[in-house]
Amino acid sequence: GIEGMASLTTLSLGSNDLAGTLPTQLGLLPQLRELWLEENQFSGPIPTELGNISTLNLLFLGSNQLTGALPSELGLLTGLTWLDVASNLLTGTIPDSFDALANSTVIDYSDNNIIV
């Protein structure tokens, strides 16, 4: 399984018409720096476990069918420089924890139902 890829630094699966929910096991990739899952058919919530990947710099989840609120755990990713969750079905508000990302991160949450 994915747990055996502990040294993986980049996972790029964008534009592959992948479907289903995002696996919580992604949070078990301690060296991951870039996660590219944009332009697929992923649905369901963004796993809170992604907040465990302290090395993550780029997180691209845009243009899927993700639902629910932005997990506050993503605010723990202080090394994050780009977060793209645009063009999904996300709702709710921007978590207060995202204040820690404000100075160093591009956050694109356009084309959702997020209240700013």
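Hydrogens, waters and symmetry mates play no part in the numbers below; they use all other heavy atoms, side chains included. Please read all numbers here as calculations on a predicted model, not as lab measurements.
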task: List for me each residue that meets side-chain hydrogen bond (donor to acceptor under 3.5 Å, both in side chains) alongside D111, sequence neighbours excluded, and say none if there are none.
output: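 Testing D111 for side-chain hydrogen bond (donor to acceptor under 3.5 Å, both in side chains), a comparison that skips the adjacent residues, returns S87.
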
task: Please identify each residue that fulfils side-chain hydrogen bond (donor to acceptor under 3.5 Å, both in side chains) with D108, with sequence neighbours left out.
output: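 side-chain hydrogen bond (donor to acceptor under 3.5 Å, both in side chains) list for D108, sorted by chain: S110.
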
- prompt: Taking all non-hydrogen atoms of both residues, which atom of I53 and which atom of L77 are closest, and how far apart?
  reply: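 Here I53 and L77 meet closest at O-CD2, 3.0 Å.
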
task: Search all heavy atoms of P47 against all heavy atoms of P71 and return the closest pair with its distance.
output: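 Taking every non-hydrogen atom into account, O-CG, 4.3 Å.
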
For [X], what residues pass the side chain to side chain contact (heavy atoms under 4.5 Å, CB included) criterion, not counting sequence neighbours?
{"X": "S104", "value": "none"}
{"X": "T93", "value": "I115"}
{"X": "T91", "value": "N113"}
{"X": "S97", "value": "S72, P95"}

- request: Sort and list the pairs that fulfil ring pair (Phe, Tyr, Trp, His ring centres under 6.0 Å) and have at least one residue in residues 5-25, not counting sequence neighbours.
  value: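 Every pair satisfying ring pair (Phe, Tyr, Trp, His ring centres under 6.0 Å) with a residue in residues 5-25: there are none.
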
- request: Quick one: which residue pairs count as a ring pair (Phe, Tyr, Trp, His ring centres under 6.0 Å) with a foot in residues 66-116, not counting sequence neighbours?
  value: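 Output for this query lists F60-W82.
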
Using 0.5 Å steps for rounding, measure from the [atom1] atom of [X] to the [atom2] atom of [Y].
{"X": "T67", "Y": "I46", "atom1": "OG1", "atom2": "CD1", "answer": "9.0 Å"}
{"X": "N64", "Y": "T21", "atom1": "CG", "atom2": "OG1", "answer": "11.5 Å"}
{"X": "L37", "Y": "L11", "atom1": "CG", "atom2": "CG", "answer": "6.0 Å"}

- request: Compare all side-chain heavy atoms of V85 with those of L66 and state whether any distance is below 4.5 angstrom.
  value: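 The answer is no; the side chains never approach within 4.5 Å.
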
message: Is the shortest side-chain heavy-atom distance between V106 and T81 below 4.5 Å?
response: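 No, every pair of side-chain atoms sits at 4.5 Å or beyond.
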
Is it possible for you to say whether [X] and [Y] belong to one hydrophobic cluster, with membership spreading through side-chain heavy-atom contacts below 4.5 Å?
{"X": "L58", "Y": "L101", "answer": "no"}
{"X": "L89", "Y": "L18", "answer": "no"}
{"X": "I2", "Y": "L35", "answer": "yes"}

- prompt: Is the side chain of N112 donor-acceptor paired with the backbone N or O of N88 at a distance under 3.5 Å, no angle test?
  reply: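 Yes, N112 side chain to N88 backbone: donor-acceptor pair under 3.5 Å.
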
- prompt: Does the side-chain contact (heavy atoms from CB on, under 4.5 Å) test come out yes or no for L70 and I114, once each step is laid out?
  reply: CA-CA 9 Å; L70 288 168; I114 295 173; 3.8 Å; yes

- prompt: What residue among L26, L22, L28, T24 forms side chain to side chain contact (heavy atoms under 4.5 Å, CB included) with E49?
  reply: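 Going through L26, L22, L28, T24 one by one, the side chain to side chain contact (heavy atoms under 4.5 Å, CB included) with E49 is satisfied by T24 alone.
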
query: Pick from L74, L32, L76, L29: which one makes a side chain to side chain contact (heavy atoms under 4.5 Å, CB included) with L50?
result: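 Output: one option passes, namely L74.
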
message: Does D96 have more than 12 heavy atoms from other residues, nucleotides or ligands lying within 6.0 Å of its CG?
response: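 12 or below, so no.
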
- request: Sort and list the pairs that fulfil side-chain hydrogen bond (donor to acceptor under 3.5 Å, both in side chains) and have at least one residue in residues 28-44, not counting sequence neighbours.
  value: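 Counting only pairs at least two positions apart or across chains, the side-chain hydrogen bond (donor to acceptor under 3.5 Å, both in side chains) contacts touching residues 28-44 are S15-E39, E34-W36, Q41-Q65.
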
